[in-house]
Participant: 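The following block contains the structure, expressed as structure tokens.
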Amino acid sequence: MRFRCKIVDVSCLNHFTRVVNTITKLTKSCTLRLTANNLYFILTDKVANGGVSMWCELCQANFFDEYQMEGVSAEQNEIYLELAPENLSRALKTAQNAKAVKIKLTNRHCPCLTVAVELPSLSSTSRIVTHDIPVSIYLPTIKTMKSVVERMKNLSNLIVIEANRNGEINLKIETDLVSVSTHFKDLGNPPWVSDDASQSSTQERDTDVMSEATVDIKKLLQFLAGQQVNPNKAICNIVHKRMVHFIFLHDDVSLQYFIPAIA
């Protein structure tokens, strides 16, 4: 994933700063969604508990002189970041008289939005003030799954996770009062490699047949909300009615998490 942009026009910089300042007054933390053509600042609280929702959409061509981004893949060409808008607002306050402002997704021991402010100078060399703003990076599917599970936990203590070899994952809750399901489609399906010859039979299974496991919804949410690995790839394995096995892969680390099924 890559992202970088540049603002030179003063009016565009002031307009972008006002937008960020407004969002800072509304929330302490939000999601920044980056696509090829737009930026979105998103906040979704629990409306049922008195929370608010916010959706701010910016057309990148109206603000940035340069704008480049690459998502996880060509199919999912978008980036999800979680950040404190106040940190971005503070960085932009130093840019009131800037010649240019560059914003780039970097890795400074942790993922950051690095804001480089080029200030005027009496010498031939420009002054550069740099701000590193810590962010959390989410894969689009993981981000959506986390939001879905956060809502479902108010309805039940248990959640059914089911998947097949056709790139589909379903999250389901069924109670006496309500039945809710969310469907994820067109996901990848990596081949299973095993030295055990008995495992080869799984490759011959009908691709539409679902494997499922019912798990504690709090344990699932604890993992999705608490991980800080910021993976490049996430894999979900399901042993039918026995357990769910997550693998988060990053360039430097892999994280595995097992959730036993509840009968």
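What's counted below: heavy atoms across the whole structure, side chains too, no hydrogens, waters or symmetry copies. Computed from a prediction, not measured in an experiment: that's the story for all the values here.
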Participant: Of all the heavy-atom pairs spanning V8 and D65, show the shortest one and how long it is.
Facilitator: N-OD2, 2.6 Å
Participant: With under 30° as parallel and over 60° as perpendicular, where do the rings of F248 and F246 fit, or are they tilted in between?
Facilitator: perpendicular
Participant: Quick one: pull up CG in D216 and NZ in K153 and give me the separation to the nearest 0.5 Å.
Facilitator: 12.0 Å
Participant: Which atoms form the tightest heavy-atom contact between I169 and C236, and what is the distance?
Facilitator: CD1-CB, 4.3 Å
Participant: Taking all non-hydrogen atoms of both residues, which atom of H245 and which atom of Q256 are closest, and how far apart?
Facilitator: NE2-OE1, 2.7 Å
Participant: Indicate yes or no: at least one non-hydrogen side-chain atom of F223 is less than 4.5 angstrom from one of L255.
Facilitator: yes
Participant: Around K146, counting heavy atoms of other residues, nucleotides and ligands shown, do more than 12 lie under 6.0 Å from its NZ?
Facilitator: yes
Participant: Identify the two heavy atoms, one from I161 and one from I238, that lie closest to each other, and give their separation to 0.1 Å.
Facilitator: O-CD1, 3.6 Å
Participant: Search all heavy atoms of C30 against all heavy atoms of M54 and return the closest pair with its distance.
Facilitator: CB-CE, 4.5 Å
Participant: Quick one: do L81 and F3 satisfy side chain to side chain contact (heavy atoms under 4.5 Å, CB included)? Show the steps, please.
Facilitator: CA-CA 11 Å; L81 307 176; F3 169 70; 5.7 Å; no
Participant: To the nearest 0.5 Å, how far apart are CG in N97 and OG1 in T94?
Facilitator: 10.5 Å
Participant: Under a 4.5 Å side-chain heavy-atom rule over Ile, Leu, Val, Met, Phe, Trp and Tyr, are V160 and L171 clustered together?
Facilitator: no
Participant: Please test V244 against L220 for side chain to side chain contact (heavy atoms under 4.5 Å, CB included), starting from the C-alpha separation and ending with a verdict.
Facilitator: CA-CA 9 Å; V244 178; L220 175 60; over 6 Å; no
Participant: Can you list the steps and then say if L155 with I217 is a side chain to side chain contact (heavy atoms under 4.5 Å, CB included)?
Facilitator: CA-CA 10 Å; L155 303 175; I217 196 168; over 6 Å; no
Participant: Quick one: do K241 and E212 make a salt bridge, cutoff under 4.0 Å?
Facilitator: yes
Participant: To the nearest 0.5 Å, how far apart are CE in M145 and CG in L224?
Facilitator: 7.0 Å
Participant: So H183 and E168, side-chain hydrogen bond (donor to acceptor under 3.5 Å, both in side chains) or not? Walk me through it.
Facilitator: CA-CA 7 Å; H183 309 277; E168 299 175 338; over 6 Å; no
Participant: Between atom CG of L43 and atom OG1 of T27, what is the distance when rounded to the nearest 0.5 Å?
Facilitator: 4.0 Å
Participant: Pairs of donor and acceptor atoms involving the side chains of residues 9-22, under 3.5 Å and at least two apart or interchain, shall be tabulated with distances.
Facilitator:
| from | atom 1 | to | atom 2 | distance (Å) |
| --- | --- | --- | --- | --- |
| D9 | OD1 | S11 | N | 3.0 |
| D9 | OD1 | S11 | OG | 2.3 |
| D9 | OD1 | C12 | N | 3.0 |
| N14 | ND2 | V10 | O | 3.4 |
| T17 | OG1 | L13 | O | 2.8 |
| N21 | OD1 | S89 | OG | 2.5 |
| N21 | ND2 | T17 | O | 3.3 |
| T22 | OG1 | R18 | O | 2.9 |

Participant: Working to the nearest 0.5 angstrom, can you tell me the gap between L113 CG and T106 OG1?
Facilitator: 7.5 Å
Participant: For residues 34-42, tabulate all N or O donor-acceptor pairs below 3.5 Å that involve a side-chain atom, not counting sequence neighbours.
Facilitator:
| from | atom 1 | to | atom 2 | distance (Å) |
| --- | --- | --- | --- | --- |
| T35 | OG1 | N38 | N | 3.0 |
| T35 | OG1 | N38 | O | 3.0 |
| N38 | ND2 | Y40 | OH | 3.4 |

Participant: Counting neighbours of CG on N62 that are heavy atoms of other residues, nucleotides or ligands and sit closer than 6.0 Å, is the number greater than 12?
Facilitator: yes
Participant: Atom CD1 of I159 and atom CD1 of I173: how far apart are they, to the nearest 0.5 Å?
Facilitator: 5.0 Å
Participant: Of all heavy-atom pairs between S181 and K172, which one has the smallest distance, and what is that distance?
Facilitator: CB-CG, 3.7 Å
